[in-house]
Amino acid sequence: MCFKLPELPEVEVIVRDLKVNVVGQRISHIEIFTPRLLQGISAQEFSASISGETVRSVDRKGKYILFYFNSMVLEVHLRMTGRFFFSLPQRPIDKFTRAIFHLHGEKKLEYHDIRKLGTFKLFRKEDIIKAPSFQLGIDPLAGNFSLTTFESIMREKPASRIKSFLLNQKNIAGLGNIYTDETLYRAKIHPMTRVGHLGKDEIQILYNSLRDVLSEALKFRGTSFSDYRDLWGKRGKFQDFLRIYRRSGETCPECDQVIIRQVIAGRGTCFCPGCQRQK
DNA sequence: CTCCGTGCCTGTGAGC
DNA sequence: TGCTCACAGGCACGGA
């Protein structure tokens with residue numbers, strides 16, 4: 001099976017490139033081919049709100065992408081298979097093209113989504129604090145994501161299992177299944193461990209592991225198995241450096257035990273029973 | 001409070 | 001070879 005969902009590093013790569021390439025650009029018009037992604041509002045209403053508007057800034061909150069216009073904000077979540085890319089004027093739409101933003105000249109920003117689970121939500125600027133992207137926990141790339149902050153957030157949820165804790169966007173924003181498994185493996189923590197059972201030293205190791213995994217993934221422009229691409233259709237390279245995710249059945253290079261896969265917090269979870277012992 | 005199941009989706013690939 | 005069907009998981013929601 002080949003797939004990849006965009007998590008924090010992938011969305012960060014997309015947003016950095018969008019900042020350079022679409023900020024300051026005017027949207028001449030928008031085509032919507034799959035109205036379901038608009039979550040209730042009509043394609044006409046959506047198009048009328050944004051057509052003719054200039055993109056003032058692009059931002060990321062967790063896995064959400066925010067496009068700021070003059071008076072409106074568009075909040076996009078790519079979910080499992082959503083992606084943006086620039087395409088040539090003559091490129092025909094395919095069955096997975098869900099929307100096209102027509103920019104200055106004949107430039108097109110396409111939104112492509114095999115499974116149609118992505119969402120586009122419009123907010124007036126003054127209402128943006130009501131948006132889902134504003135109800136999230138701290139972003140691990142934010143300047144104030146310190147060890148002290150991380151520890152205090154963890155102390156609030158002692159009964160949570162660490163895997164659930166890291167996946168919950170209201171605690172830490174942006175982690176999905178891949179990066180939680182990678183982080184826990186590096187920190188040598190069993191995914192079922194209660195947050196309250198982790199000592200100060202383990203929290204420090206977890207914090208460092210999380211930062212390392214995310215910064216390395218960013219350096220390689222994200223993880224691509226099949227679906228994820230940047231704005232130019234290029235793959236990330238971090239999949240070659242994943243140590244635990246999708247490696248069940250392989251031998252752990254650290255301890256020679258066989259990596260196992262088990263459903264934890266409702267997700268397929270890969271971990272090493274030798275390195276990540278449950279306390 | 002935390003956990004669990006369900007629904008949304010469709011390409012993939014294991015198994016018959 | 002061709003078909004069926006469980007599975008992948010981010011998030012919202014309802015209920016235990």
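Residue numbers start from 1 in every chain, and the chains themselves are labelled A, B, ... in the order their sequence lines are given, proteins ahead of strands. Keep in mind it's a predicted model, so treat the numbers as computed, not measured.
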(request) Quick one: list whatever passes side chain to side chain contact (heavy atoms under 4.5 Å, CB included) with A/L141, sequence neighbours left out. (result)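 A/L141: side chain to side chain contact (heavy atoms under 4.5 Å, CB included) contacts with A/L8, A/E12, A/R60, A/D139, A/L218.
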(message) My understanding is that only residues two or more places apart in sequence, or in another chain, count here; which of them pass side chain to side chain contact (heavy atoms under 4.5 Å, CB included) with A/T54?
(response) A/R26, A/R56
Distance test, side-chain N/O of [X] to OP1/OP2 of [N], below 4.0 Å:
X	N	result
A/R79	B/dC8	no
A/Y245	C/dG9	yes
A/Q169	C/dC11	yes

What's touching nucleotides 14-16 of chain C from the protein side, N or O pairs under 3.5 Å?
none

(message) Among residues at least two apart in sequence or on other chains, which ones pass salt bridge (charged side-chain N to carboxylate O under 4.0 Å, His left out) with A/D94?
(response) A/R91
Sequence neighbours left out, what passes ring pair (Phe, Tyr, Trp, His ring centres under 6.0 Å) with [X]? Give chain and number order.
X	result
A/F271	A/H190
A/F238	none
A/F145	A/F150, A/Y207

Please list, for nucleotides 1-3 of chain B, all pairs of protein and nucleotide N/O atoms separated by less than 3.5 Å.
unit_1	atom_1	unit_2	atom_2	d
B/dT2	OP1	A/S160	OG	3.3
B/dC3	OP1	A/R161	N	3.4

(message) Test of understanding: with side chain to side chain donor-acceptor pair (under 3.5 Å), list the residues that count as partners of A/E31, not counting sequence neighbours.
(response)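 In terms of side chain to side chain donor-acceptor pair (under 3.5 Å), with neighbours along the sequence ignored, A/E31 is linked to A/H102.
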